[in-house]
There are 2 protein chains.
Amino acid sequence: MDTGQTNVHRQNGVALWRQIADRIRASIANGDYDATGKVPPEFTLAAQFGVNRHTVRSALAALAQEGIVRSVQGRGTLIERKERLNFPITRRTRFSEGIGDQAREKEGLLLHSAQEPASADLSARLRIPEGATVIRLETLRKADHRPVSRSTTWFPADRFDGIEEAYSKSGSITVAFRMLGLSDYLRVSTEVTATHADGADLADLQLSPGAIILVARALNTDPDGVPVQYAVSRFPADMVQFTIEN
Amino acid sequence: MDTGQTNVHRQNGVALWRQIADRIRASIANGDYDATGKVPPEFTLAAQFGVNRHTVRSALAALAQEGIVRSVQGRGTLIERKERLNFPITRRTRFSEGIGDQAREKEGLLLHSAQEPASADLSARLRIPEGATVIRLETLRKADHRPVSRSTTWFPADRFDGIEEAYSKSGSITVAFRMLGLSDYLRVSTEVTATHADGADLADLQLSPGAIILVARALNTDPDGVPVQYAVSRFPADMVQFTIEN
DNA sequence: CCTAAATGTCTATTGATATAGACAACCATA
DNA sequence: TATGGTTGTCTATATCAATAGACATTTAGG
């Protein structure tokens, strides 16, 4: 199903090998090659995309660099990793529960924390005075030891003093909130956009440059509707999809 | 706010001028240059991104091609268009209502229609027997004469015979359903992913190659929960954001 | 154990991408 | 009207991206 085979585009500022790498990565995630566990031969792919075999080789080399495939002389190009995590977005969205059994091991790392005055945008979202102190956490989430998202999240400092340590110890926002006396919270809005990966994305999420990033900006409130957290999370688009159930 | 200034990346398969074009486009949509209505001078941008002025010029030429900016010798590079449409995704998601007053004129074009047997994936989603006949519509939606989405949508043929004509005349799914006796329908699930634009996207949505596409796969049912429509819609990521309100 | 089917390596050539520098043309404004 | 700031154009050079062809090397299977 899905949209039909379209050809690659030239002179667009995106190298052919990168377009082809993206397409093959998507096909792998889509399960197109599950029957064989291998990517089609270089000759076949070259004909399929209408390019030279060497161009396909560049694409496969990039995917090998990402650890998605492994080429073996005489045998073919074997698929090493094949995944696309699904994140349900609901009124009770939780990172770790959302992954569910799609991954065995889940992990939340605190990269950095700071206190700072709220910007105009942030104060409006959290409904606090402009310039009021907020705690900012930079976090990295992993599933089965592979990074799946990079987040910047803000909390009102007066209410959630010490959340840096709570998160650092637990690796979970839900648990950190609970440690500070907030037993439940609700997702009230999520904005989803997409962009190219920036330098920090490439490093933290272990992507190859030119990758696409899904950006989710989320606002959580306590059960009374008072904003408790605003978060901007960045996910590799070829590893993740969001599902909104109404 | 938002993520900090990161530099462009070399030898990634994505040309520098394209990365810079994407960044400037995003800054425009973000309102960063609202004070002057102009993009900063080429020299300044070149210094900012750490590249040669000519590289910046290539980026600006691409944006001019898209109609986003217009360079005037002696004056600077003026911003011509600055928009990012917001699409709320709710249980009652409707394209035209969703845009609301963000655009004055809305339009739905029927590009192509066909009848075909349902694939395995489609039959599961619409809960009809595999191979049962479905009607497929290829549509293009515009707001203020600019294309904002390209959709492929499927309907069970037995229940919605003649929907091609109904849509073609009305330019609205909601109205077409009503003409065929379905007065209301509900959005039950939406899957959101992102990918690079393909050839058809570039042509229909009038994008420059390498652009990013947000893909929404949506299932609508009648009030009794019986699936009536499955749609795959593609939106230019730099023009659109989705908002999920819970 | 030979052969077909793969991937690996090498050389050569062309066009796109990026840098560098210089100068022309144009506009707003002091 | 002179000047500073800005975009437009030109030449030159180096590197990356893509094509082309030939041949080596490895693996699986008859």
Side-chain angles (χ1 to χ4, degrees), chain A residues 7-24 28 33 35-80 196 208-210, chain B residues 7-24 28 33 35-80 196 208-210:
Chain A
N7 263 337
V8 289
H9 322 301
R10 289 154 196 270
Q11 301 178 359
N12 308 343
V14 183
L16 289 179
W17 65 262
R18 166 141 295 285
Q19 298 180 52
I20 291 169
D22 290 342
R23 294 266 298 263
I24 295 174
I28 291 174
Y33 308 135
T36 58
K38 295 197 294 187
V39 167
E42 295 168 352
F43 284 110
T44 310
L45 289 170
Q48 215 171 91
F49 290 114
V51 301
N52 191 275
R53 180 181 155 233
H54 295 291
T55 308
V56 170
R57 283 179 60 74
S58 298
L60 292 176
L63 293 177
Q65 189 65 28
E66 295 177 42
I68 291 180
V69 300
R70 179 169 53 97
S71 292
V72 181
Q73 190 169 139
R75 290 181 63 193
T77 302
L78 315 178
I79 295 171
E80 291 280 275
H196 280 123
S208 68
Chain B
N7 264 338
V8 288
H9 322 298
R10 289 154 196 270
Q11 301 178 359
N12 309 342
V14 182
L16 289 180
W17 63 263
R18 166 142 296 285
Q19 299 179 52
I20 291 169
D22 290 342
R23 293 266 299 263
I24 295 175
I28 291 173
Y33 307 136
T36 58
K38 296 196 294 185
V39 166
E42 294 168 353
F43 282 111
T44 310
L45 289 170
Q48 215 170 91
F49 290 114
V51 302
N52 191 274
R53 179 180 154 231
H54 295 292
T55 308
V56 169
R57 283 180 60 76
S58 299
L60 292 175
L63 294 178
Q65 189 65 29
E66 295 177 43
I68 292 179
V69 300
R70 179 170 53 96
S71 292
V72 180
Q73 190 171 135
R75 290 182 63 192
T77 302
L78 315 179
I79 295 171
E80 290 280 275
H196 281 123
S208 68

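To the nearest 0.5 Å, atom OG1 of residue B/Thr36 and atom CG of residue B/Leu78 are 9.5 Å apart. From B/Ile68, atom CD1 reaches atom OG1 of B/Thr77 across 13.0 Å, with rounding to the nearest 0.5 Å.
As rounded to whole Å, 13 Å separates atom C1' of D/dA18 from atom CH2 of A/Trp17. Going from atom CG of A/Leu78 over to atom P of C/dA6 covers 13 Å, rounded to whole Å. Atom pair A/Arg18:CZ and D/dC16:C1' shows a separation of 14 Å (rounding to whole Å applied). C/dA16 atom P lies 17 Å from atom CG of B/Leu16, rounded to whole Å. A straight line from CD of A/Glu42 to P of D/dT26 spans 16 Å, rounded to a whole angstrom. A straight line from CG of A/Leu60 to P of C/dT9 spans 14 Å, rounded to a whole angstrom. In this structure, A/Phe49 places its CZ atom 13 Å from P of D/dA18, rounding to the nearest Å.
Applying the 4.0 Å criterion to OP1 and OP2 of C/dT7, one finds that A/Arg57 has every side-chain N and O outside that range. Of the side-chain N and O atoms in A/Thr55, one or more sit less than 4.0 angstrom from OP1 or OP2 of D/dT19. Between A/Arg75 and D/dA28, a side-chain N or O to OP1/OP2 separation shorter than 4.0 Å is present.
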Test side-chain contact (heavy atoms from CB on, under 4.5 Å) on A/Thr55 and A/Ile20; report intermediate values, then the result.
CA-CA 9 Å; A/Thr55 308; A/Ile20 291 169; 4.3 Å; yes
Mind running side-chain contact (heavy atoms from CB on, under 4.5 Å) on B/Val69 and B/Ile24 for me, showing each step along the way?
CA-CA 10 Å; B/Val69 300; B/Ile24 295 175; 5.6 Å; no
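Minimum atom distance to the side chain of A/Ala15 is reached by D/dA18, of the listed C/dA18, C/dC27, D/dA18. Among D/dA20, C/dG8, D/dT27, the nucleotide with an atom closest to any side-chain atom of A/Asn52 is D/dA20.
Residues A/Arg53 and A/Phe43 meet the side-chain proximity criterion, which asks for heavy atoms closer than 4.5 Å. Between A/Gln19 and A/Leu16 the shortest side-chain heavy-atom distance falls below 4.5 Å.
Within 4.0 Å of A/Thr77, counting heavy atoms only, lie sugar-phosphate atoms of the nucleic acid but no base atom.
Counting heavy atoms of neighbouring residues, nucleotides and ligands inside a 6.0 Å radius, atom CD of B/Glu80 exceeds 12 of them.
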Quick one: which protein N/O atoms are closer than 3.5 Å to N/O atoms of nucleotides 22-25 of chain C? Pair and distance per line, please.
from: C/dA25; atom 1: N3; to: B/Gln73; atom 2: OE1; distance (Å): 2.9

